[in-house]
Amino acid sequence: MSTDEPTPKNPGKSPEPSGVDLARVALRAAKEQARARGDAARQKKQARRGGGLRSGARADGRDPMALGAAINRLLNERGWETPAAVGGVMGRWPQIVGEDLAKHCVPQRYDEDERVLSVQCDSTAWATQLRLLAPTLVARLNEDLGHGTVRLLKVNGPGGPARRYGPLRAPGSTGPGDTYG
């Protein structure tokens with residue numbers, strides 16, 4: 001019997017599937033296998049994450065986020081809000097204290113435990129000026145950063161040369177200013 005000849009219909013037997021029917025069956029089987037592989041891969045992934053079934057329609061911690069939002073989330077999680085805010089003040093120092101004062105007085109460090117902002121001045125005259133303005137500056141900084149963030153402004157004048165103890169030090173001397181007597 002050749003394939004071109006029509007087959008006689010037998011009332012008790014079902015007809016042989018044609019090429020289109022075979023293709024549909026193969027496609028359905030392939031889809032089921034792919035779905036089974038996908039389900040297995042999802043289950044493995046969820047097991048690795050330790051989480052339950054998640055929907056793609058709802059936001060979760062794995063979703064991409066804007067850089068600013070990611071940085072804010074990191075600051076909040078680590079408790080770095082205050083140091084970051086004070087760092088921002090150090091960057092905006094000229095706008096906060098004024099251009100003239102900012103040219104001669106520079107913030108050095110912030111002690112979070114004591115809530116003290118240390119400022120270094122290039123002359124004693126500017127250090128005196130900053131000490132006189134300290135209550136006003138503390139109030140302005142607390143307006144910007146939040147109440148109680150800065151309790152005290154520690155003003156340092158210009159420093160002298162570092163005290164170095166070298167090999168020619170006299171016994172009992174107190175440093176380079178000692179007159180040995």
Side-chain angles (χ1 to χ4, degrees), residues 41-42 44-181:
R42 268 193 296 282
K44 278 185 186 178
K45 194 175 190 179
Q46 288 171 0
R48 279 195 309 262
R49 278 197 323 252
L53 185 63
R54 297 196 182 210
S55 170
R58 297 182 191 250
D60 61 17
R62 300 173 296 139
D63 289 341
M65 61 175 46
L67 181 61
I71 289 173
N72 287 336
R73 181 173 151 189
L74 179 67
L75 291 175
N76 290 333
E77 286 174 356
R78 304 286 172 124
W80 294 339
E81 299 97 348
T82 302
V86 172
V89 164
M90 291 184 178
R92 295 187 333 260
W93 185 251
Q95 290 87 17
I96 293 171
V97 300
E99 293 292 328
D100 289 339
L101 198 58
K103 288 178 188 174
H104 301 283
C105 303
V106 179
Q108 294 293 309
R109 68 184 156 277
Y110 175 72
D111 183 0
E112 189 174 0
D113 296 330
E114 298 291 323
R115 298 187 321 239
V116 175
L117 180 63
S118 298
V119 180
Q120 179 77 41
C121 296
D122 63 1
S123 72
T124 55
W126 283 105
T128 302
Q129 181 69 22
L130 190 61
R131 284 187 189 102
L132 293 172
L133 293 172
T136 307
L137 287 177
V138 168
R140 191 178 303 165
L141 289 167
N142 283 327
E143 274 180 28
D144 198 45
L145 298 172
H147 181 69
T149 304
V150 177
R151 185 181 57 80
L152 179 69
L153 197 65
K154 182 179 176 185
V155 180
N156 300 315
R163 293 192 167 200
R164 296 181 198 169
Y165 300 106
L168 300 177
R169 184 171 164 244
S173 71
T174 57
D178 194 358
T179 59
Y180 304 108

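The first residue in the sequence is number 1, and the count goes up from there.
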Atom pair CZ/SG of R131 and C121 - distance to nearest 0.5 Å:
7.0 Å

Any side-chain heavy atom of L137 within less than 4.5 Å of one from L130?
yes

Taking the side chain as everything from C-beta on, heavy atoms only, tell me whether I96 gets closer than 4.5 Å to R140.
yes

Please examine the side chains of V116 and R151, heavy atoms only from C-beta on, and report whether any two atoms are closer than 4.5 Å.
yes

Interatomic distance, R115 atom CZ to L153 atom CG [nearest 0.5 angstrom]:
14.0 Å

Answer yes or no: is there a donor N or O on one side and an acceptor on the other, between the side chain of W126 and the main chain of K103, under 3.5 Å?
no

Would you say E99 and P94 make side-chain contact, with heavy atoms under 4.5 Å?
yes

Between CZ on residue R109 and NZ on residue K154, distance to nearest 0.5 Å:
6.0 Å

Check: Q120 side chain, P107 main-chain N or O, donor-acceptor pair, under 3.5 Å:
no

Within a strict 4.5 Å, meaning less than it, do heavy atoms of the L133 and L101 side chains meet?
yes

Could you tell me the separation between the CG atom of L141 and the OH atom of Y110, rounded to the nearest 0.5 Å?
9.5 Å

